[in-house]
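Below is one structure, written out as structure tokens, with a few remarks after it.
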2 protein chains.
Amino acid sequence: MKRTTRRSDCPINFALQTFGDGWSLLVIRDLMFTDRRTYTDFLRADEGIATNVLADRLKQLRALGLIRRRGRGRGATYALTEKGLDLLPAMLELVSWSARHDRHTAAPPDFVARIRRDREAVATELRTHLRRRHGLDSRSSRPGTVG
Amino acid sequence: MKRTTRRSDCPINFALQTFGDGWSLLVIRDLMFTDRRTYTDFLRADEGIATNVLADRLKQLRALGLIRRRGRGRGATYALTEKGLDLLPAMLELVSWSARHDRHTAAPPDFVARIRRDREAVATELRTHLRRRHGLDSRSSRPGTVG
DNA sequence: CTGTATCCTTAGGGATACTG
DNA sequence: CAGTATCCCTAAGGATACAG
């Protein structure tokens with residue numbers, strides 16, 4: 001896929017050109033559904049992303065405004081921006097779809113069931129939670145400990 | 001991305017390995033939101049997919065059970081399967097996200113507004129409509145005319 | 001019109017060594 | 001630990017000609 005030139009103004013195409021590769025959404029996933037926040041955290045994920053690829057995606061996603069970095073060098077952490085967090089509903093739908101169509105999926109059945117039963121509530125609740133954890137909430141004075 | 005070997009059992013990863021390339025979702029989009037149903041229809045889409053790539057994706061998507069083909073050779077048409085149609089909620093969320101974050105988006109503002117305001121109803125309504133159009137509804141005896 | 005086939009170029013990305 | 005840099009190779013995919 002050519003990522004340099006915009007292929008069309010279709011919203012689906014925009015999404016694809018923004019994160020339509022094999023790796024970007026995995027970083028988003030890590031930030032959204034796990035406690036992984038650092039470079040090596042991401043490297044440790046099951047899919048086994050290569051160091052150069054990870055560095056490249058982190059750079060891209062930052063440039064696109066989906067994530068942001070706190071600090072530099074040792075101890076640097078990544079967090080979702082509002083724009084990145086806005087992908088939550090889409091991510092939940094993807095999880096739901098995969099859980100339905102992949103019999104080997106590792107998605108927690110009760111979580112999937114909740115998404116299906118009470119999608120709106122789950123999204124709202126998770127969103128609030130993530131806003132706090134990623135320092136997007138005015139009420140949280142500091143990024144806080146990851147627990 | 002290595003599409004041959006499964007990288008992990010994560011549902012997001014499953015989605016990526018199923019249609020996480022730059023072109024597959026555009027075919028799904030065409031079937032879902034436009035009247036494009038034939039090989040040349042897809043070729044005419046704005047993004048300008050190459051013939052070999054299109055043929056490859058059609059093959060893949062059929063093998064994965066997301067779409068199916070009616071007829072052969074001249075006049076062959078493609079349609080969504082249940083599995084493909086199940087992507088509708090995710091697609092709507094992607095449209096919504098892109099419309100919010102891409103100022104050049106071609107998504108109809110009133111459509112986007114409706115998705116945001118009444119997501120559930122839009123999905124249900126569109127789903128019913130698409131089931132008929134793609135011959136997935138028992139009530140429709142024949143695929144029917146497109147128009 | 002619906003594809004295949006071929007050619008050829010480039011981007012993606014694995015492995016690994018290296019730097020601040 | 002958080003990246004860069006390099007090497008090298010393969011797969012993705014444009015262009016185009018061809019086939020059923």
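Note on naming: letters A, B, ... go to the chains in the order of the sequence lines (proteins, then strands), and numbering restarts at 1 for each one.
Here dT2(C) presents its C1' atom at 18 Å from CZ of R70(B), a figure rounded to the nearest Å. Counting to the nearest Å, the P atom of dT4(D) and the CG atom of L54(A) are 10 Å from each other. The distance from atom CG of L61(B) to atom P of dG3(C) is 13 Å, rounded to the nearest whole Å. Between the CZ atom of R62(B) and the P atom of dT2(C) there is a distance of 14 Å, given to the nearest Å. Between the CZ atom of R36(B) and the P atom of dC1(C) there is a distance of 16 Å, given to the nearest Å. Computed from coordinates, the Q17(A) CD to dA11(C) C1' distance equals 15 Å when rounded to whole Å. One atom, CD of E47(A), and another, P of dG14(C), lie 11 Å apart when rounded to the nearest Å. Per the geometry, CZ belonging to F19(B) stands 17 Å off P belonging to dA12(D), to the nearest Å.
Between T40(B) and dT2(C), a side-chain N or O to OP1/OP2 separation shorter than 4.0 Å is present. For Y78(A) and dG3(D), the shortest distance from a side-chain N or O to OP1 or OP2 is below 4.0 Å. Contact check, R69(A) against dG3(D): a side-chain N or O comes under 4.0 Å of OP1 or OP2. Between R74(B) and dG20(D), a side-chain N or O to OP1/OP2 separation shorter than 4.0 Å is absent. Taking only side-chain nitrogens and oxygens, K59(B) never comes nearer than 4.0 Å to OP1 or OP2 of dG3(C).
Between Y78(A) and F42(A), the ring-plane angle classifies as tilted under the 30° and 60° cut-offs.
Here the two rings, on W97(A) and F19(B), have centers that are under 6.0 Å apart.
Between the side chain of S96(B) and the backbone N or O of L92(B) there is no donor-acceptor pair closer than 3.5 Å. No donor-acceptor distance shorter than 3.5 angstrom exists from the side chain of R36(B) to the backbone of F33(B), with no hydrogens or angles considered. Formation of a donor-acceptor pair under 3.5 Å by the R69(B) side chain with backbone atoms of A76(B) is not found in this model.
Under the 4.0 Å criterion applied to side-chain N and carboxylate O atoms, R117(A) and D110(A) are not assigned as salt-bridge partners. Between D9(B) and R103(A) no salt bridge is recorded (no basic side-chain N to carboxylate O distance below 4.0 Å).
A residue-by-residue look at D56(B) and N52(A) shows that D56(B) has its nearest nucleotide of DNA chain C further toward the 5' end. Annotation: of the two residues near DNA chain C, G73(A) and L43(B), the 5′-most nearest-nucleotide partner is L43(B).
Closest to the side chain of Y39(B), from the set dT4(C), dG13(C), dG3(D), is dT4(C). Taking only side-chain atoms of W23(A), from C-beta outward, the nucleotide of dG3(C), dG13(D), dG14(C) with the closest atom is dG14(C). Residue T51(A) has its side chain nearest to dT16(C) when only dT16(C), dG14(D), dG12(C) are considered.
Rotation axes derived from the C1' atoms of the five outermost pairs at either end of the helix from dC1(C)-dG20(D) to dG20(C)-dC1(D) lie 40° apart, to the nearest 10°.
With a 6.0 Å cutoff to the six-membered ring centre and a 45° limit on the axis angle, R29(B) does not count as a cation-pi contact of W23(B).
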